[in-house]
Peer 1: 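Attaching a single structure in structure tokens format; questions to follow.
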Amino acid sequence: MQPSRLHPRDLLSEALAGMLQRPARSALTALGTVLGVGTFVAVLGLTATTSSQIDARFNALTATEVTLQDIAREQNEFAGPAFPADADRRIEQLGGVRHAGVYWPVRLAPGTVVRSAPVGDGGGEPVDVTAASPGVLEAAVPTLAQGRLYDEYATRTAQPVAVIGEGAAARLGITTLETRPAVFIGDQPFTVTGIIADTERKADLLMSVVVPRTTAERIWGEPEAGAASMLIATDLGAARQIAHEAPTALRPDHPEYVKAVPPPDPRTLRSGVGGDLDQLFLLLAGICLAIGAVGIANTTLVAVLERTAEIGLRRALGARRRHVSAQFLAESGALGALGGLVGTSLGTVTVVCVAVARDWTPVVHPATVAAAPVIGLVTGVVAGLYPAWRASGIQPVEALRR
Amino acid sequence: MTAPVIEFRGVALTYPGPPPVEALKPCELTVEQGDFVSVTGPSGSGKSTFLNIAGLLDAPTAGTYLLDGIDIGTLREQERTALRGRRIGFVFQSFHLLPHRSARENVLLAMVYNGIPRAERDRRAREALIRVGLGHRVDAPPTRLSGGERQRVAIARALVARPALLLCDEPTGNLDTGNAATVLRLLRELNDDGMTIVVITHDPEVAACGRRTVAIRDGVLTERFVRDGAVTERSA
Ligand SMILES: Nc1ncnc2c1ncn2[C@@H]1O[C@H](COP(=O)(O)OP(=O)(O)OP(=O)(O)O)[C@@H](O)[C@H]1O
Ligand SMILES: [Mg+2]
């Protein structure tokens with residue numbers, strides 16, 4: 001005699017029938033799983049969305065930026081400045097370079113104040129002075145509020161001109177260029193040619209008075225050892241190659257005087273689920289899942305008790321103990337999977353809504369979408385273990401007596 | 001000569017106490033193929049106990065039970081389950097229909113565990129329902145059926161897997177006289193077609209249907225022979 005069988009399709013349809021028998025109860029039971037899985041998908045989706053946002057910014061800007069540092073004095077204590085006078089031109093000759101320029105923060109003598117009038121108190125907050133060749137200003141991709149940047153000519157002839165950032169302008173009380181304002185650094189006047197509203201790189205320029213490199217050298221002398229840097233804006237994908245070539249292009253005699261800082265590797269930037277808040281939400285998702293599991297376990301146990309007679313009948317019709325367990329496991333698993341599916345949809349919708357509201361591109365990893373219903377299924381099956389075990393222990397004789 | 005459907009050799013069942021209950025004392029009984037046996041006795045006398053043993057729902061604590069010539073005591077649990085599903089049909093006093101499923105789906109349930117191909121099941125369920133005279137109520141839920149109709153669905157479910165033995169525990173216990181008569185007539189027709197039937201009943205009219213009558217009193221099984229109007233009792 002062949003043992004009794006339960007075809008998987010029969011198991012599935014029995015489980016579905018059991019679940020649909022009381023649709024409202026099933027829906028309420030699945031709610032915990034819906035919340036748990038939904039939170040899980042939403043958290044992972046939002047994390048992926050924001051980090052891809054960071055990646056996008058990174059690709060556009062950081063990946064096209066190389067910084068060169070003057071380390072001549074570290075290599076040789078008698079060395080002069082590492083960047084030659086024609087540094088901009090030398091670098092801009094390299095393929096893939098868009099703009100390049102030398103800059104350094106100007107160290108003013110103690111007591112020197114920056115103000116917008118020749119006399120008067122030097123009150124207000126201090127303002128930085130930066131020496132920069134025109135290439136720096138262009139590499140920073142500025143948005144001008146008023147006026148224009150100083151040009152090559154101003155640099156070559158060491159004109160007393162300045163471009164100021166909007167933050168610095170506010171501190172100095174300069175609101176318009178129509179009055180042809182000047183900035184006094186100590187008692188040295190500089191004509192303001194432009195006010196920068198915003199930059200994409202080197203945001204510290206916004207708080208500075210920026211003067212041509214040559215003018216700074218004429219008035220305050222060469223930069224201190226190691227103070228000067230070079231900012232290079234490159235084409236996409238060229239940065240690493242340029243970082244490699246730049247020291248030699250600048251100083252064929254002493255390439256070791258220049259240290260190139262290439263953009264960081266994008267892969268190290270990609271942020272995982274690292275934030276405290278993300279972890280808190282994942283914990284919350286776990287708690288929801290646990291509550292969901294308890295709910296499913298409870299409902300399934302109640303169903304087992306309610307359906308004792310049915311279990312007895314099935315045993316009389318040839319069902320083995322394992323068929324009875326399998327049926328209740330399948331029912332609780334189906335409930336969990338259903339909750340998981342609905343939760344996945346709701347979580348994805350949440351991610352899309354947030355992304356649309358923030359004008360981001362929504363990103364949900366396929367692995368997340370695939371894993372979420374499985375998590376629901378596993379939750380349901382685990383929750384069904386005890387009720388299924390109880391169901392399989394029901395004696396048909398006792399069950400049929402009812 | 002085929003083996004008898006049921007052969008009890010000193011079969012007994014004592015429920016372990018405390019105190020132990022001798023629900024069925026050692027008894028001999030042979031039910032041949034095509035027999036129609038009615039089992040009578042007062043409440044608590046051990047009728048259901050007898051039926052549960054015969055239906056492999058309970059194992060005897062003593063004696064040998066041969067079903068279709070197979071010694072049940074030598075079988076493993078899984079084999080007994082399979083035998084129960086394939087060789088025995090049950091009809092209960094309280095019908096035991098699933099309320100959320102139609103008559104047809106209730107009948108289908110009897111074919112889920114027996115390895116009957118899915119493609120065949122629907123046709124067989126319909127045939128069984130037609131056989132019990134419910135061809136027109138195939139898709140009705142049990143809640144919309146009368147008591148007699150429900151019991152006929154239950155009989156269709158018991159028949160559909162083509163068992164060798166039909167065991168009925170008070171099949172008319174919940175039915176009025178008219179419905180009871182319909183169910184009885186059906187059982188008799190099935191017996192005429194060759195089905196072996198054992199019916200537990202309180203109802204003398206039902207008992208009179210049987211070709212043989214077995215009485216149980218305080219767990220003691222006796223067979224009553226009705227011959228030439230004279231009733232003789234013989235202790236088994
Ligand atoms: N699980 C059990 N444990 C102990 N005693 C039991 C158990 N099941 C039944 N009994 C006892 O065994 C005896 C026979 O019970 P059974 O159910 O066979 O009676 P019955 O003839 O079917 O009665 P009724 O006509 O009321 O259905 C009764 O005395 C009952 O109390
Ligand atoms: Mg009884």
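Only this structure's heavy atoms are used, side chains among them; waters, hydrogens and symmetry mates stay out.
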Peer 1: Let me know if Arg101(B) has heavy atoms under 4.5 Å from chain A in its side chain, its backbone, both or neither.
Peer 2: side chain
Peer 1: With only heavy atoms counted, which part of Leu98(B) is less than 4.5 Å from chain A, the side chain, the backbone, both or neither?
Peer 2: side chain
Peer 1: Nearest 0.5 Å, what's the CG-CZ distance between Asp10(A) and Arg118(B)?
Peer 2: 4.5 Å
Peer 1: Could you give the distance from OG (Ser4(A)) to CZ (Arg86(B)), rounded to the nearest 0.5 Å?
Peer 2: 5.5 Å
Peer 1: Which is it for Phe90(B) and Leu313(A) under the side-chain contact (heavy atoms from CB on, under 4.5 Å) test, yes or no, and what are the steps along the way?
Peer 2: CA-CA 9 Å; Phe90(B) 291 92; Leu313(A) 174 74; over 6 Å; no
Peer 1: Without hydrogens or angle criteria, can the side chains of Tyr113(B) and Arg314(A) be said to hold a donor-acceptor pair below 3.5 Å?
Peer 2: yes
Peer 1: To the nearest 0.5 angstrom, please state how far the CG atom of Leu97(B) sits from the CD atom of Glu310(A).
Peer 2: 11.5 Å
Peer 1: Identify the residue among Gln327(A), Glu14(A), Arg5(A) that makes a side chain to side chain contact (heavy atoms under 4.5 Å, CB included) with Val112(B).
Peer 2: Glu14(A)
Peer 1: Quick one: do Glu77(B) and Arg315(A) make a salt bridge, cutoff under 4.0 Å?
Peer 2: yes
Peer 1: Rounded to the nearest 0.5 Å, what separation is found between the CG atom of Asn114(B) and the CG atom of Leu317(A)?
Peer 2: 7.5 Å
Peer 1: If you draw a 6.0 Å radius around CG in Asp71(B), do more than 12 non-hydrogen atoms from other residues or ligands fall strictly inside?
Peer 2: yes
Peer 1: Determine the option with the most heavy-atom pairs under 4.5 angstrom with chain A, choosing from Arg121(B), Gln93(B), Glu79(B), Arg87(B).
Peer 2: Arg121(B)
Peer 1: Could you measure the distance from the NE2 atom of His7(A) to the CD1 atom of Ile116(B)? Nearest 0.5 Å is fine.
Peer 2: 14.0 Å
Peer 1: Non-hydrogen atoms of chain A under 4.5 Å away: do they reach the side chain of Arg76(B), the backbone, both or neither?
Peer 2: neither
Peer 1: With rounding to the nearest 0.5 angstrom, report the NE2 to OG1 distance, His323(A) to Thr81(B).
Peer 2: 9.0 Å
Peer 1: Side chain, backbone, both or neither: which part of Asn52(B) has a heavy atom under 4.5 Å from chain A?
Peer 2: side chain
Peer 1: Go through the atoms of Arg9(A) and report whether side chain, backbone, both or neither lie under 4.5 Å from a heavy atom of chain B.
Peer 2: both
